[in-house]
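To find a chain, count down the sequence lines: A is the first, B the second, and so on, and within it residues start at 1.
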Amino acid sequence: MQKIRKKLHWLDFLILGCVIAFFTYVFVQMSGNLNYHWRWEKIPNYIFKYHNGRQEWFANLLLQGLIITVRVSIYATILALILGVVLGIARCSRNLVIRMLARTYLEFLRNIPPLVVIFIFYFFLAEQIIQAMNIESWSYKIAKMENNQIWEFFCGDMRRFPSLISGVIVLALFESAFVGEIVRAGIQSVDRGQGEAARSVGMSSFQEMRYIILPQAMKKIMPPMANQFITLIKDSSIISLISVQELTYKTAELVSSTHMIFEAWLTTAAFYFVICFGLSLLFTKLEGSK
Amino acid sequence: MSNTLPIIKFESVDKFYGNFQALKDITISVNAGERMVICGPSGSGKSTLIRCINGLENHNAGKLTVDGIEVFEGSKDIIRLRQEIGMVFQQFNLFPHLTVLENLTIGPIKVRKIPKSEAEIMARKYLERVHIPEQAEKYPAELSGGQQQRVAIARSLCMESKILLFDEPTSALDPEMINEVLDVMVELADTGMTMVCVTHEMGFARKVADTMVFMDEGKIIEVAPPEKFFSNPDSDRCREFLEQILEH
Ligand SMILES: Nc1ncnc2c1ncn2[C@@H]1O[C@H](COP(=O)(O)OP(=O)(O)OP(=O)(O)O)[C@@H](O)[C@H]1O
Ligand SMILES: [Mg+2]
């Protein structure tokens, strides 16, 4: 094994120098040629803002977007987990038709660009579900209610509830295929003899899955699932295209009204980075402590 | 044997894996309380035969009846039937995420809906029977191979089934552990349980078997009581096989 060097070689300095030079060049280009005015001092106001009338701080555009991103990600993960487990089990089913349906769904998602998939899910499924279940009028009713704090806490502004729901559905459907593959790999990592032993004590297929296979598959499933959760947070920016007002959408809105292109996008990038990298560190630590 | 009702009955059973025929025209029956030992060279279809009995494999032709119920692919009765059939595997197949006690009780609790406390009393009784009552709270990985296999035997006893199937229960064990498992099996044989056992432990076979069966290439070649089987088998294939394994 080669020893990992802790000290920097002169070549490393050369590489670092090149990187710094490149960024300096970009920066000079921007301020010189584009005549760009940096207005970093305005950014905090778009995160938190003081409301003079009500005399209180409130979350402005970027933080609003971030909150919705977190909400959508959490709900979509839960839904994707449920769908993914069903899909994973279907992929291992003894029934050929069920196996083929699950496979088709996976291949569909693998071989069509995410953007196209998102629009298809949105127009063909999410919209239809929302209409069929009459979610729109129902959520407006709740929005008008007096004691709707609990709803507001979990779902935000109830008038935007339909958009939240379609965001969650679309994102969850999109991720479920990959969750399903993780679950399938987990299930298939469990020794065949386990299922045989379960059946030989008289368990049904469901009991076999529930008490014997899944608990053992969990160990294999957890680490990649944690990664998938992080991926999902990143992927959630894509649902800005179906007008879910999450972080990316709000940033675009901010940019178009204030023209603080670089500040806004860099701030948003930092938000995503901190959350995703933080979670990644956390998961690595949790895994190590087991 | 006073009781001569067949509890397991194969009638012209064939089994295919794709194009490969693993069982060829198997006709044999096992009476209630009978102890049958099956032997034969590797790949002769012994496991396949025994796994058909509780529907882990499905035969493709012929008729198989167990405890008066016909076994076939997709049968609704198979889950009920499996509660009457205990199975012990070569690789033990204990549930590694459960303690020994939970391994024994999960079947009775989830399948037969017996209250937990009652199931645990029963489980401890059977752990006593296989001589490891003190290991109840451990996990399978903490036990030796011989102990694990005895737990597996106790697990199949916990279903209080009528029939016990053994598929080479000692061949994954270190030699010094084989006897502790065989001893337990001999004790079980003395209780009058119906047993079908695939094994090459001929000492054990001589001691407990009512009927010896020799299989080769998917066919049953020889069926005989042990006295005749070991001293004067009809077929040459069987004699050759016995000479080979009894040498060691
Ligand atoms: N799932 C399967 N798919 C395809 N072929 C199989 C399968 N299981 C068994 N076979 C084949 O069927 C034949 C009989 O297998 P079986 O396991 O019943 O033999 P066995 O007598 O138990 O052998 P051993 O002493 O090695 O356990 C073998 O040739 C084997 O290769
Ligand atoms: Mg075998």
Looking at [options], which has the largest count of heavy-atom pairs under 4.5 Å with chain A?
{"options": "Leu98(B), Asn54(B), Ile106(B)", "result": "Ile106(B)"}
{"options": "Pro96(B), Ser161(B), Gly55(B), Pro108(B)", "result": "Pro96(B)"}
{"options": "Gln91(B), Lys110(B), Arg80(B)", "result": "Lys110(B)"}

Worksheet item: On the ring face of Tyr17(B), is Lys15(B) found with NZ or CZ under 6.0 Å from the centre and within 45° of the axis?
Response: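 Checked: cation-pi criterion met.
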Discussion item. When you measure from the centre of the six-membered ring of Phe95(B), is the NZ or CZ of Arg155(B) closer than 6.0 Å and no more than 45° off the axis?
Written reply: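 Satisfied, under 6.0 Å and within 45°.
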Atom group of [X] that falls short of 4.5 Å from chain A, counting heavy atoms:
{"X": "Ile85(B)", "result": "backbone"}
{"X": "Leu81(B)", "result": "neither"}
{"X": "Arg51(B)", "result": "side chain"}

Is a side-chain donor-acceptor pair under 3.5 Å present for [Y] with [X]?
{"X": "Glu160(B)", "Y": "Tyr126(B)", "value": "yes"}
{"X": "Gln147(B)", "Y": "His131(B)", "value": "no"}
{"X": "Tyr105(A)", "Y": "Ser176(A)", "value": "yes"}

Discussion item. Shorter than 4.5 Å, heavy atoms on both sides: which option in Glu196(A), Gln207(A), Arg192(A) has the most such pairs with chain B?
Written reply: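 Most pairs with chain B among the choices: Glu196(A).
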Worksheet item: Between Ile89(A) and Ile98(A), is any pair of side-chain heavy atoms under 4.5 Å apart?
Response: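 A side-chain contact under 4.5 Å is absent here.
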